[in-house]
Amino acid sequence: MDDSPGLTATPLTDALVRGALDLERTARGGLLPHRLPARARAQFGGDEQVAQAEAQPSGVRLVFRTRATAVELDVLRTIVAYRGVFPRPDGAYDLHLDGEPAGRATASGGDVLMVDLREGSQETFPGQVGTVRFDGLPGREKTVEIWLPYTEVTELMALRTDAPVAAVEPGGRRVWLHHGSSISQGSAADSSATAWPALAAAEGGVELINLSLGGSALLDPFTARALRDTPADLISVKIGINVVNRDLMRLRAFGPAVHGFLDTIREGHPATPLLVVSPILCPAQEDTPGPAAPDIEDGRVEFAALGDPAEVALGKLTLRVVREELARIVAERAGEDPALSYLDGLALYGEADSAELPLPDRLHPGPAAHRRMGERFGALAFGPGGPFAVTP
């Protein structure tokens, strides 16, 4: 798009983007954030779900200093829609000024990826570049952060302001690297900035890199290597829900896979505080194995577990089994790894929370539950005595 009157374009460079592990210059002239590096992306095996999830920029934001009172960002988004399901709200772009929430906007246009959950097919309908605008900002020097949506692949096309922009050198805050499922990516939260890891990061005063992959927190070696190779002061891995609802492995394979995942992370971070977090409560899969499948009725989606509880005796996984196994593995390893610790996911969202704030689709927590989880993780992990607490 052309420059708006009174606004000047600033080239989009790597120095303006936080929270991504790779930035791709696209054929359309944009900058596409990736949350997994190119080496990992070459090992997906054609899995569209992980490819989509890692390109949805949860926790990725533009960060710069400026006196601008107006900011425009051109984006070419890819929206995921599901045939027969009510459309999701447009992805939210949250504005923070000097670390405080200061506005929210959405973009228009964009490509639409139409997915048929029943048939497993998909089709792309191309669209146009849209513009996100924030105006009426204070004219003082300030740090501007624009958090990108966790629900939409976002190709950054142009940045315009009415005052010069300068990159902000990273530093001064510890870097927290987190990996989890769609719940950690943000599913059913209002925005990336209000997903529970972002809220917990704000509580802890740390810089977040959110490597959570919706539907794809599956103990993949390429993900472990990405965690291993990413500089960080603190690391957490939330394991279990995707392994269960994909019905991916049995107990015999799960334990060694967790060990291998942690071993790989430790190759690059031998003494970094490493927190293993088990699944939050999900009543549908507490005692019923996967696979889980979407049930579409009247335009709404709910998830149901299709496994047979009797097969737990044969090694099938449930969330209860996963929690027990993770606690056992961490307890065994902690003797030789004092920087390794465990957090029961039920401490973030358990039975009482489920009664008060039930999962809207029987799988993902809603906005209020995300806020509660962020506050609790902040207190349990970053608070006094927590594994991520600042030590004197």
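Quick caveat, the model's predicted, so the values are computed rather than measured.
- Here Glu207 pairs with Arg18, Arg61, Arg173 under the side-chain hydrogen bond (donor to acceptor under 3.5 Å, both in side chains) rule; sequence neighbours left out.
- Side-chain atoms of His364 and Ser182 include a donor-acceptor pair closer than 3.5 Å.
- The environment of Arg250 atom CZ is dense: over 12 non-hydrogen atoms of other residues, nucleotides or ligands sit within 6.0 angstrom.
- The pair Glu324-Arg328 does not meet the salt-bridge criterion, since no charged nitrogen lies less than 4.0 angstrom from a carboxylate oxygen.
- Considering NZ of Lys316 and CG of Asp247, their distance stands at 4.0 Å, rounded to 0.5 Å.
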- Task: List the steps and the verdict of side-chain hydrogen bond (donor to acceptor under 3.5 Å, both in side chains) for Gln49 and Ser216.
- Result: CA-CA 7 Å; Gln49 185 166 26; Ser216 300; 4.7 Å; no

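- The minimum heavy-atom distance between Leu326 and Ile239, with the atom names listed, is CD1-O, 3.6 Å.
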Could you list the donor-acceptor pairs under 3.5 angstrom formed by side chains in residues 82-92, with sequence neighbours left out?
| unit_1 | atom_1 | unit_2 | atom_2 | d |
| --- | --- | --- | --- | --- |
| Asp90 | OD1 | Arg77 | NH1 | 3.2 |
| Asp90 | OD1 | Arg77 | NH2 | 3.4 |

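- Side-chain contact between Leu32 and Leu23: absent, with no pair of heavy atoms (C-beta onward) separated by less than 4.5 Å.
- His179 and Thr223 are not linked by any side-chain donor-acceptor pair at a separation below 3.5 angstrom, with hydrogens and angles left out of the test.
- Arg35 has no carboxylate O lying under 4.0 Å from a charged side-chain N of Glu54, or vice versa, which leaves the two without a salt bridge.
- Aromatic ring orientation, Phe377 versus Trp196: tilted (interplanar angle from 30° to 60°).
- Using cut-offs of 30° and 60° for the angle between ring planes, the Trp176 and Phe382 rings count as perpendicular.
- Residue pairs meeting the ring-ring contact (aromatic ring centres under 6.0 Å, His included) criterion with at least one member in residues 36-60, sequence neighbours excluded: Phe44-Phe222.
- The side-chain hydrogen bond (donor to acceptor under 3.5 Å, both in side chains) search around Asn210 returns Ser58, Ser212, not counting sequence neighbours.
- Using a 4.0 Å cut-off between a side-chain N of Lys or Arg and a carboxylate O of Asp or Glu, Asp74 and Arg160 qualify as a salt bridge.
- There is no side-chain donor-acceptor pair under 3.5 Å between Thr264 and Arg228.
- The two residues Arg371 and Asp190 have their closest heavy-atom pair at NH1-OD2, 4.3 Å.
- Ala102 and Leu97 make their closest contact through CB-CG, 3.6 Å (heavy atoms, listed as atom of the first residue, atom of the second, distance).
- Counting only N and O atoms by type, the side chains of Asp162 and Thr69 include a donor and acceptor under 3.5 Å apart.
- A salt bridge does not link Arg39 to Asp22: none of the charged nitrogens lies less than 4.0 Å from a carboxylate oxygen.
- A tilted orientation is assigned to the rings of Trp147 and His96, their planes being inclined by 30° to 60°.
- A salt bridge is defined here as a Lys NZ or Arg NE, NH1 or NH2 lying under 4.0 Å from an Asp or Glu carboxylate O, and Asp295 with Arg362 fails to meet this definition.
- Sorted by first and then second residue, the pairs that involve residues 102-117 and meet side-chain hydrogen bond (donor to acceptor under 3.5 Å, both in side chains), not counting sequence neighbours, are Arg28-Asp111, Asp94-Arg104, Arg104-Ser191.
- Interatomic distance, CG of Leu359 versus SG of Cys282, reported as 5.5 Å (0.5 Å rounding).
- Side-chain contact check for Glu152 and Gln56: no donor-acceptor pair (N or O, by modelled atom type) lies under 3.5 Å.
- Between Leu340 atom CG and Ile265 atom CD1 the span is 9.5 Å, to the nearest 0.5 Å.
- Around CZ of Arg252, the count of heavy atoms belonging to other residues, nucleotides or ligands within 6.0 Å does not exceed 12.
- With respect to the salt-bridge test (charged N to carboxylate O, under 4.0 angstrom), the residues Asp220 and Arg225 do not qualify.
- Atom CG of Leu76 sits about 8.0 Å away from atom OG1 of Thr26, to the nearest 0.5 Å.
- A side-chain hydrogen bond (donor to acceptor under 3.5 Å, both in side chains) check over residues 348-360, counting only residues at least two apart or in different chains, returns the pairs Asp353-Arg372, Asp353-Arg376, Glu356-Arg372.
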